[in-house]
Amino acid sequence: MSRLVVALDAPNRQTALEMARPLQGVVPWVKVGLELFTAEGPDLVGRLKKLGFQVFLDLKFFDIPNTVRGAVRSAGHAGADMCNIHVLGGERMAEAALAGRDESAPEMLLFGVTLLTSMTETDLPLDSGGAQASEIALRLAVSAKAYYLDGVVCSGLEVEGIKAATSDGLLCLTPGIRPDGAERADQRRVVTPAQAVQSGSDFLVVGRPITGSEHPDLAAKAIQGEMIRAAQKRRGES
Ligand code: C5P
């Protein structure tokens, strides 16, 4: 069953809580990113947990193994239910991240960022040897599985390839979701909630189509309805 994660892209605690409150009891997961975490720190994670949310701490750690181990350990102590690292940090960094997770919150999900979906092969500061962005992302996802990460952050357009290449061995979390008719804003390669579920995505990250809506609870419910119908269709129930 795919789950909805609402991105609380806010500059401070007050705005984040205003975004979160209408979603209490409606949406299971929220995402705290770099801007909000840098402004407010780990206390906010605890506050969101008290409101009943599961929290994805989207800080994309990438540093020497010992530092990443400590950062993931701290994410676990803060109460995060999911956090992430860059797969490009390699096997030793991933091993250190897993060790940090085991030291604080063994049940916390640890995801890998493959190639940021904002980047193409031409944005890489190194020669990609002719490989396209999607191919690089796929190779990094295969590495993420070899490193025993729980899942990867990827474009909805990459889920089927990643699931096939890893024998369904990785969870996929996909941002860049837009219901039909919603503003794309700065997102480029978007998929609808139904398309993301049909391709096998496990977590759908949605921000502005919900947080920017006049009725965020209704917007979230509409997306979850679309997700349920797509899951039934995928299972051949209708
Ligand atoms: O408002 P919107 O639905 O575009 O928000 C998407 C969220 O997912 C934002 O928090 C954005 O930073 C994040 N994200 C993304 N693309 C990625 C990784 C994260 O849009 N590749």
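What's counted below: heavy atoms across the whole structure, side chains too, no hydrogens, waters or symmetry copies. It should be emphasised that the depicted structure is a prediction, and the values quoted were computed from it without experimental measurement. Read the numbers this way: they start at 1 and go in the same order the structure lists the ligands and their atoms.
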Thinking salt bridges, do D102 and R69 make one under a 4.0 Å N-O criterion? no
Under 3.5 Å, N or O to N or O, is K31 touching ligand 1 that way? yes
Looking only at side-chain N and O atoms, does S201 offer a donor or acceptor that is under 3.5 Å from a partner on S2? no
Between F53 and W29, ring centroids under 6.0 Å: no
Nearest non-hydrogen contact to atom 16 (N) of ligand 1 from the set A7, A182, P175 belongs to P175
Results of side-chain contact (heavy atoms from CB on, under 4.5 Å) for S74 - residues two or more places apart only: none
Connected to V152, directly or through other members, by ILVMFWY side-chain contacts below 4.5 Å are L138, I162, L170
Could you tell me whether E103 and R73 make a salt bridge, using a distance below 4.0 angstrom between a side-chain N and a carboxylate O? yes
Below the 3.5 angstrom mark, is there an N/O of G207, backbone or side chain, next to an N/O of ligand 1? yes
Closest protein heavy atom to atom 21 (N) of ligand 1, given as residue, atom name and distance to 0.1 Å: T117 OG1, 2.4 Å
Which one of V32, D9, L173 has a non-hydrogen atom at the shortest distance from atom 9 (C) of ligand 1? D9
Against heavy atoms of R178, which atoms of ligand 1 measure under 4.0 Å? 1 (O), 2 (P), 3 (O), 4 (O)
Between K145 and D168 (salt bridge meaning N to carboxylate O under 4.0 Å), is one present in this structure? no
Check contact between V205 and ligand 1, using heavy atoms of the residue and a distance below 4.0 angstrom. yes
As an exercise, identify every atom of ligand 1 less than 4.0 angstrom from a heavy atom of R208. 1 (O), 2 (P), 3 (O), 4 (O)
When distances are taken from atom 6 (C) of ligand 1, the protein heavy atom at minimum range is Q187 NE2, 3.8 Å
